[in-house]
Amino acid sequence: MPSAKVKKLLGWYGQMVLIREFEDACDRLFWEEKQITGVYLHLYSGHEAVGVGALAALTERDHVITAYRDHGIALARGLDVGACMAEMMGRVDGTSGGKGGSMHLADRSRNFWGGYAIVGGHLPLAVGIALASQYRGEDEVTLCFVGDGATNNGYFHESLNMAAIWDLPMVWLIENNFVAMGTRVEKHAGEPELHKRAAAYGMKSLGRVDGQDVQAVHDITRQAVKYARNKGPVLLEALTYRYKGHGVSDRSYDQRFAAELAEYRESKDPIELLKRKLLQAGHADETSLGEIEAVQQEKVKEAVAFAAASPAPSEEHLYQNVYVETERA
Amino acid sequence: MMVRNQPMREALRSALQEEMRRDERVFVMGEEVGEWQGTHRITRGFLQEFGERRVRDTPISEMAIAGAAVGAAMNGLRPVAEMMTISFAFLAMDAIVNHAAKIRYMFDGEFEVPLVIRAASGWGDQATATHSHSPEPIFAHFPGMYLACPSTPADAKGMLKTAIRDPNPVLFCESIALYPRPGPVPNDEDYLLPIGEAAVKRAGADVTLVSFAAGVHWCLQAARELSKEGIECEVVDLRWLRPLDMDTVIASFQKTNRCVVVEESLPMYSLGSEVAAQLQERAFDYMDAPIRRVSAADVPLPFARELELMALPNADKVIASVREVLR
């Protein structure tokens with residue numbers, strides 16, 4: 001029987017594989033099979049350790065919100081894989097009934113407040129969600145994922161400042177993948193060490209963490225959550241790397257960043273790093289990890305089949321849920 | 001029902017105060033709403049009565065004020081956020097348009113956003129170009145949010161209370177010019193006016209005047225003047241630009257066959273454009289004259305008092321347009 005600690009690591013391994021498989025399937029369904037359509041599809045491949053490690057540090061009652069690169073966060077928070085895939089395809093069984101698309105997955109019952117597509121736009125929403133917890137005297141933390149690109153518009157400044165002056169129970173987790181759409185962080189940020197921004201707001205900073213190491217992300221996020229729950233907002237920066245272009249519209253990423261991409265895939269891949277750790281420690285062998293991988297591959301396969309079989313939303317859905325319908329005459 | 005004579009400012013204050021007493025989830029946030037007591041004095045006395053938890057002074061951060069109000073509403077509170085003037089709401093346009101108005105739909109009903117954003121609107125008093133706006137039609141462009149724009153203290157009270165109790169987001173536009181203007185207000189804590197219901201504020205058979213907020217008063221003044229000559233105007237106060245109560249407008253138009261739309265806003269892509277378009281679509285056979293529009297001049301508002309007055313609509317301009325449609 002594996003120990004609780006080993007079980008946890010194996011669980012994370014499964015989640016990370018699920019995300020990678022899901023994103024690979026999305027890529028294929030967009031470019032080859034054309035079952036995912038549209039102009040936006042932002043894959044989480046390469047970031048898996050950040051989402052999985054950070055969410056593992058939360059309880060169910062804590063809150064999560066993120067930007068448009070939301071598939072991995074949704075899956076790590078336990079959203080139904082089939083419903084997520086159906087949303088990619090704009091089907092009626094999608095998490096948002098096919099109305100949101102890939103950038104707008106959400107699940108209220110899991111306190112996953114959604115993916116948002118205007119850079120920085122979800123940051124003040126996170127402030128409000130945390131404010132409601134504090135207002136009611138509830139012991140909940142709001143974890144807000146922030147891309148490195150989102151640190152440069154006004155939302156970041158206004159939201160972090162407001163969180164600081166109101167001592168809100170929040171963790172701001174910057175996922176720094178070194179490139180905002182296509183612009184390198186050295187070029188887009190006057191201070192590329194983004195965690196230092198906390199000082200401007202008198203906010204606690206936990207500095208940088210290696211975002212390729214799921215255990216390290218988990219441990220520091222747990223520390224951050226504890227701080228947020230008891231004292232107030234905290235900023236944290238995870239260094240990670242994006243395997244795919246910004247979205248499907250980004251055609252030159254692979255060439256522009258070829259050397260770095262090869263380096264990360266070769267020696268810094270978050271899934272491979274965890275695998276190596278598990279094997280070296282004797283917590284698992286190739287066979288047992290292969291079994292985990294097979295289970296996740298099967299989940300994604302089933303999700304694709306489920307989504308492909310789900311009907312398109314019909315005309316009756318077009319005008320549904322614009323407003324909360326009330327009994328007003 | 002007991003009635004008190006109150007300026008609109010006080011009617012708004014009592015509506016907000018009563019709703020805060022009634023429902024613990026209701027709170028106010030905005031620039032200078034607390035210690036300053038509200039720059040338009042709507043929240044006077046609130047900090048003393050409700051404390052800092054429910055009367056939240058914010059930094060000058062319009063994007064975060066609107067966005068945080070959206071998040072708080074999603075997570076079960078009933079925020080009433082104040083934009084000191086609607087000119088500043090332009091800074092919060094993304095939070096209002098992309099989030100307040102769309103979250104319910106784009107997540108297909110997963111969330112409710114029971115939010116009110118109050119904003120002082122309108123121009124005059126030489127506030128100059130960047131602080132002089134009546135952009136209600138811009139905000140009313142977007143489905144998912146209601147837009148309120150009362151013209152009397154009683155309407156202001158009943159509409160604000162309804163807006164706060166409704167589970168949908170409402171942009172509540174308060175005409176700065178009307179804040180001091182008194183009127184009878186029902187002294188009733190449950191005085192609620194339905195969303196999207198216009199009111200005929202004066203009956204008449206010759207021409208329909210359609211307006212909202214300050215424009216209603218120019219219409220009523222024009223109607224009184226014209227009545228002396230035997231011209232009877234029907235004044236329709238829309239009260240809400242979304243939902244837009246075209247049924248009431250059409251019912252009046254079918255009687256008068258003539259219409260002038262009066263607004264403080266700019267002329268292009270305006271309420272006038274919308275009402276005229278809908279009338280020709282839905283009541284073409286009743287039209288006896290081209291529909292006229294009275295609006296602000298199509299310029300950024302100048303500072304000099306003389307120029308400002310030339311740019312703004314008024315009762316005389318309404319009268320001139322009525323004469324045109326009756327010619």
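Per chain, numbering begins at 1; letters A, B, ... match sequence-line order.
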Open item on the list: Only pairs of heavy atoms separated by less than 4.5 Å count here; which of B:Gly109, B:Pro169, B:Gly144 has the most with chain A?
Closed with: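 Maximum pair count with chain A is reached by B:Gly144.
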Task: Top contributor to chain A interface from B:Glu112, B:Glu197, B:Glu24, B:Met145 [non-hydrogen pairs under 4.5 Å] - done: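 Result: the option with the highest number of such pairs is B:Met145.
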- [ ] Kindly say whether A:Arg110 contributes a backbone atom to a donor-acceptor pair with the side chain of A:Arg77 at under 3.5 angstrom?
- [x]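 Pair found, side chain donor or acceptor close to backbone of A:Arg110.
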Open item on the list: Non-hydrogen contacts under 4.5 angstrom with chain B: give the residues of residues 307-318 of chain A involved, or none if there are none.
Closed with: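 At a heavy-atom separation under 4.5 Å, chain B is reached by A:His317, A:Leu318.
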Open item on the list: Heavy atom to heavy atom, less than 4.5 Å: which residues from residues 151-168 of chain A reach chain B?
Closed with: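 From residues 151-168 of chain A, the residues near chain B are A:Gly154, A:Tyr155, A:Glu158, A:Ser159, A:Asn161, A:Met162, A:Ile165, A:Trp166.
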Open item on the list: Suppose the criterion is salt bridge (Lys or Arg N to Asp or Glu O under 4.0 Å): which pairs have a residue in residues 78-105 of chain A, not counting sequence neighbours?
Closed with: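 Listed by first then second residue: A:Lys99-B:Asp108.
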Open item on the list: Can you tell me which residue among B:Lys161, B:Lys157, B:Arg165 is in a salt bridge (Lys or Arg N to Asp or Glu O under 4.0 Å) with B:Asp190?
Closed with: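 Exactly one candidate clears the test, B:Arg165.
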TODO: Would you check if there is a donor-acceptor pair between the side chains of A:Asp70 and A:His104 at a distance under 3.5 Å?
DONE: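 Their side chains do not contain a donor-acceptor pair, so the 3.5 Å distance test is not met.
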Open item on the list: Quick one about B:Gln48 and B:Gln37 (side-chain donor to acceptor, distance below 3.5 Å, no hydrogens or angles considered), yes or no?
Closed with: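 Checked: B:Gln37/B:Gln48 side chains pair up, N/O donor to acceptor below 3.5 Å.
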Task: Leading residue by heavy atom contact count with chain B [cutoff under 4.5 Å; candidates A:Val127, A:Leu131, A:Ile65] - done: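 Most heavy-atom pairs within the cutoff with chain B belong to A:Leu131.
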Open item on the list: Tell me every residue that passes ring-ring contact (aromatic ring centres under 6.0 Å, His included) with B:Phe90, counting only those two or more places apart in sequence or in another chain.
Closed with: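 Result, ring-ring contact (aromatic ring centres under 6.0 Å, His included) vs B:Phe90: B:His133.
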Task: Region of A:Ser133 that comes under 4.5 Å of a non-hydrogen atom in chain B - done: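 Contact with chain B: backbone and side chain both.
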TODO: Return the orientation label for the A:Tyr40 and A:His42 ring planes: parallel under 30°, perpendicular over 60°, tilted otherwise.
DONE: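 The rings of A:Tyr40 and A:His42 lie parallel, inter-plane angle below 30°.
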- [ ] Start with the C-alpha distance between A:Tyr323 and B:Tyr105, add both sets of side-chain angles, then the distance that settles ring pair (Phe, Tyr, Trp, His ring centres under 6.0 Å), and finish with yes or no.
- [x] CA-CA 7 Å; A:Tyr323 295 94; B:Tyr105 189 82; 9.9 Å; no
Task: Check: B:Ser151 and B:Arg239 side chains under 4.5 Å, non-hydrogen atoms - done: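 No - every pair of side-chain heavy atoms lies 4.5 Å or more apart.
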